[in-house]
Structure formats: structure tokens, C-alpha cells
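Start at 1 and go down the list; that is how both ligands and their atoms are numbered. None of these values were measured; they are calculated from a predicted model.
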Amino acid sequence: MYYISTRNNKDKYTFEEILLKGLADDGGLFIPNEVPTISQSDMQDILVMDYKSIAIRLIKLFTQDTFSDDLLEKMVHEAYESFNNNKITPLINLDENTSILELYHGPTLAFKDIAMQLLSRMIEEVLSKNNSRASIICATSGDTGGAAVASFADKENIDLYVLFPKDKISEVQRRFMSTSQANNINIISIDGNFDDCQNIVKSLFKDKAFSQSVHLTAVNSINWARIMIQIIYYFSAISQNPKYKKNPDIIVPTGNFGDIYAGYIAKKMGLEMGKLVIATNVNNILERCLNTGRYNILEAIQTNSPSMDIQISSNFERLLYDLVNQDIKRLSQMMDELVTRGEFSLNEEELLNLNTTFEAGSIEQIETIDIIKKIYDQHNLILDPHTAVAIGVSNKNNYTNSIILSTAHPAKFPEAVREAIGIEAELPANNKNIFNLPEDIKNMKNDISLIKNNILSNFRR
Ligand SMILES: *Cc1c(COP(=O)(O)O)cnc(C)c1O
């Protein structure tokens, strides 16, 4: 097995190369040339393992000989030491139709911690082996930034840059990023929206002279290693699900399409499940695409589930590679059309294939508030607004055997929770100090040269 770009399947890359590059030079995304499949008997072994053992077993299939067995085991154990639940991703029964997979027990209370905690260790290992350093950059709609800061703070050979849309994320999200006190962390608010931040990151990578000179590395969900690590909890979910509930539909609050794409890979590996359900707020480009075949960009609308206020779902390109049957010419055309005209269309067969694996639904802000209230009244359980969107979609589409991915702790979104039930969810005790520490944020215009100069002036050889 080796890695290819979605826009060029001739050149071959190792895991180590794609880990550090993040995004391919041709603008495409890295994917394995073929997804490893798991035999039935191996599957039975895996589905009785604990989380860390599943992780070690599956990640090895994708990283091959990049890390020794001992090193991989050590990194996995250290990555999940700081999680406040020993199952890492516990599956909770809500009612007879619905279970909730809690993905928010990491240091910054969002599912992004699960991949980032291990990804940072992998990058650090490869850099120190090569006696190298890197500038890591990510755009965040709120949660990636905090997870990256918690994972990369004080790592010797790394400078981290986080771009976020000014005033468009919650205070708790912002404080998780801005209070680290670490010298190698640079938090930058951009006058613009999330897509502006993401476009700056993409343009920096396109400037090869620049990106090579500062060893630019991406840790957004466009980095394959994050997808790879997220595959684990789909296996963990099925292993915790009662046997009589066969093939649950899995409902995923979706923005950049990274999380649900990991579920798609798990399915390709042989994990049995029902539909993968894309749940969104009113920023529903994917739902519209599933219904009509037309993927067209509209203006992003700010909502109370901000981590999904995204118009371009970057990881969708990885799925498109399969939908167009690996026809990279067609895929490159679609991506060009997206840039020049703001849209592309699937043909009938591609649309049919999309709809065999995926379903979609979306709900409005007010419905999100209603769901948080209803679940609190009925189950005494406080949901964050992203999880509430997924439950709303589950109710709307009448799923009777479903697993909801719960992507954030409700204390990260106090405004929405207070509006729904009049109280706030409490932050876990070891997170409360973010309100006592000073914040360190630079504000910049939506201007790529400003970011470039900042990275250049920090880069030390
Ligand atoms: C990032 C995020 C999402 C969206 O995940 P994608 O992988 O971008 O689809 C959903 N909910 C929360 C809380 C998030 O932080």
C-alpha cells in the first residue's frame, strides 16, 4: 500500500511524506491507493478489543513501517492518557432507538482531540528522527484550533499557527486556543469567515517556494492522518453496540466531511453499518448535493452550531475520487469548475452511488434549541448544539437503530445551551482555569502577505 493524490494517481508517497505534507502539491488530497480490508475472523478479534488495542492494530495497516510496534504503542498510550473517560469514546444508550457515541472526553472537549493528540506525536517523532523542524498551520471554525494548541504546545521542533474567523467562534473555544502561554503557539484572528481562513491556508501551500522554505505542514482534516485516526472510533462504536442492534445508521454532525469520511473508510475496510448520515445546520451544501447532484457554493450563514458553518466541505473531494471511478481528469475538471464557477454537478451514476452509502438531513437553529430542551426534559442530558443537530436529523428521518456521534461537550457552547434550558453545562474541573489566564491573540486583515511575513519572521532553522 502507498499513497496518491486525488489529482494524480501515478506518483507514489509514503505515510511519512503525506504526514508532513498534509496537502499534495497539485492541490489534491492524499488517499491510500487501496483501502486495506479486514477478514471476518480478524474483525471478530478486533471487535472485542479495547480502544487503544483497536487503534494500534488498525493504524499499523496505514502507517506500515513508519513507526516500530513499540513506538506506535507508546504514542497511542500517551495520546489518550489525558482523556477523562477510560473507554476514550464511550457509547451511551439514549433510548431504544438511539445511542450516543461521546467523542468529547479529550483535553479541549471536542472530537478533534482524538486525532490531534496522536497526530502531534507522530509529527514530532518524524521531525526529530530527521533532525528537522516545521511550521504547522491550520484554519479553524472553532474546535480544531484548541485541539491543535493542546497537542502542539511546547513541542520543541514545531511552530503552530492557528487562523480563526474573528468574533465567529464561542468564548470557550477561543480561550482554549489563546491561553496556552506557550512560545511556539501563534493564534491569529482574521477579519473574515472560516472559508477565508481556509483559503489563506490553501494559498500558502500553493506557493511552493514559501511552503518549502518554512516546512509548512497542514493539520486540518485535509491531513490524511487525522482521517486515519478517526476510523478507530467507528470500530469502537460497533464493538460497544449490543449485538442485536445490527447495522446501525451512523449520524454525523458534518462540516468539512472529515469525520464522516472516516466512517466511509471504516465501512470500506469491512465494518458493518447501515447508512452514513450527513447532519448539517442550514449550511447544507452536502444535503443539496445528495438531493440534486449539484454541488454549489452559497454564502456561509452564521449559526449556533458554528463548527459546521462551512460552505466548502474539503474532504468531499476524497469521496469524489471514488464516485468518478478514479478518473482524475474528470475530478480535476470538477475542482476547477468549483473554483471558477462556484459549482459542479455529478452525473446520474455518480449521484446514485453517492446515495447508496450516504443519506443527509439538516435542521434550523430554532429546531436545534428545541432538541436541546426536549432531550434535557426527557433524559436530563445536556447536548451541545452540534450533537443536537444530529439528533434532530435522526428524528426527522425516523431512524430506528442509530448511533449519533456527539462531537463536543455542551460546556463549549454555553450561549445555545442557556437559550434552550436556562442554565449552562459545567466545564470539567481541570478545564476551568481557561477563564483565569490572559489571552494572546493577534488580529490580521484577510491578507495572505501578512500571514506569510509572520511565519517567515518566526521560522528558525
Ligand atoms: C469539526 C466539528 C464538526 C465537523 O466535523 P467535520 O470533520 O469537519 O465534518 C462537527 N462538530 C464539531 C463540534 C466540530 O468541532
For ligand 1, which atoms have a heavy atom of [X] less than 4.0 angstrom away?
X: F257; result: 6 (P), 8 (O), 9 (O)
X: A408; result: 13 (C)
X: D143; result: 12 (C), 13 (C), 14 (C), 15 (O)
X: G258; result: 6 (P), 7 (O), 9 (O)
X: T407; result: 10 (C), 11 (N), 12 (C), 13 (C)
X: P253; result: 4 (C), 10 (C)
X: S307; result: 2 (C), 12 (C), 14 (C), 15 (O)
X: T254; result: 9 (O)

When you measure from [atom] to every protein heavy atom, which one gives the shortest distance, and what is it?
atom: atom 7 (O) of ligand 1; value: D259 N, 2.9 Å
atom: atom 1 (C) of ligand 1; value: K112 NZ, 1.4 Å
atom: atom 9 (O) of ligand 1; value: G255 N, 2.8 Å
atom: atom 5 (O) of ligand 1; value: F111 CZ, 3.6 Å
atom: atom 6 (P) of ligand 1; value: N256 N, 3.5 Å

**Prompt:** Does any N/O atom on M308 come nearer than 3.5 Å to any N/O atom on ligand 1?
**Reply:**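 No, since none of the N or O atoms of M308 sits under 3.5 Å from an N or O of ligand 1.
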**Message:** Less than 4.0 angstrom from a charged side-chain N to a carboxylate O is my criterion; do K21 and E17 meet it?
**Reply:**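 E17 and K21: not salt-bridged.
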**Request:** May I ask you to decide whether E426 forms a salt bridge with K432, counting only side-chain N to carboxylate O separations under 4.0 Å?
**Result:**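 So E426 pairs with K432 through a salt bridge.
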**Prompt:** Heavy atom of Y104 under 4.0 Å from ligand 1?
**Reply:**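 Checking ligand 1 against Y104, which is what was asked, there is no heavy-atom contact under 4.0 Å.
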Could you tell me if [Y] and [X] have a donor-acceptor pair between their side chains, going purely by distance under 3.5 Å?
X: T280; Y: E287; answer: no
X: Y233; Y: D259; answer: yes
X: N223; Y: R226; answer: no

**Message:** Tell me the closest heavy-atom pair linking A225 and L119, and the distance in Å.
**Reply:**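 Shortest heavy-atom separation between A225 and L119 comes out as CB-CD1, 3.5 Å.
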In this structure, is the centre-to-centre distance between the rings of [Y] and [X] below 6.0 Å?
X: F358; Y: F257; value: yes
X: F316; Y: Y295; value: yes
X: Y51; Y: Y80; value: yes

**Request:** Scan for salt bridge (charged side-chain N to carboxylate O under 4.0 Å, His left out) pairs involving residues 365-374, sequence neighbours excluded, and state none if there are none.
**Result:**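 As it turns out, the salt bridge (charged side-chain N to carboxylate O under 4.0 Å, His left out) pairs with a partner in residues 365-374, which skip direct neighbours, are E367-K396, K373-D377.
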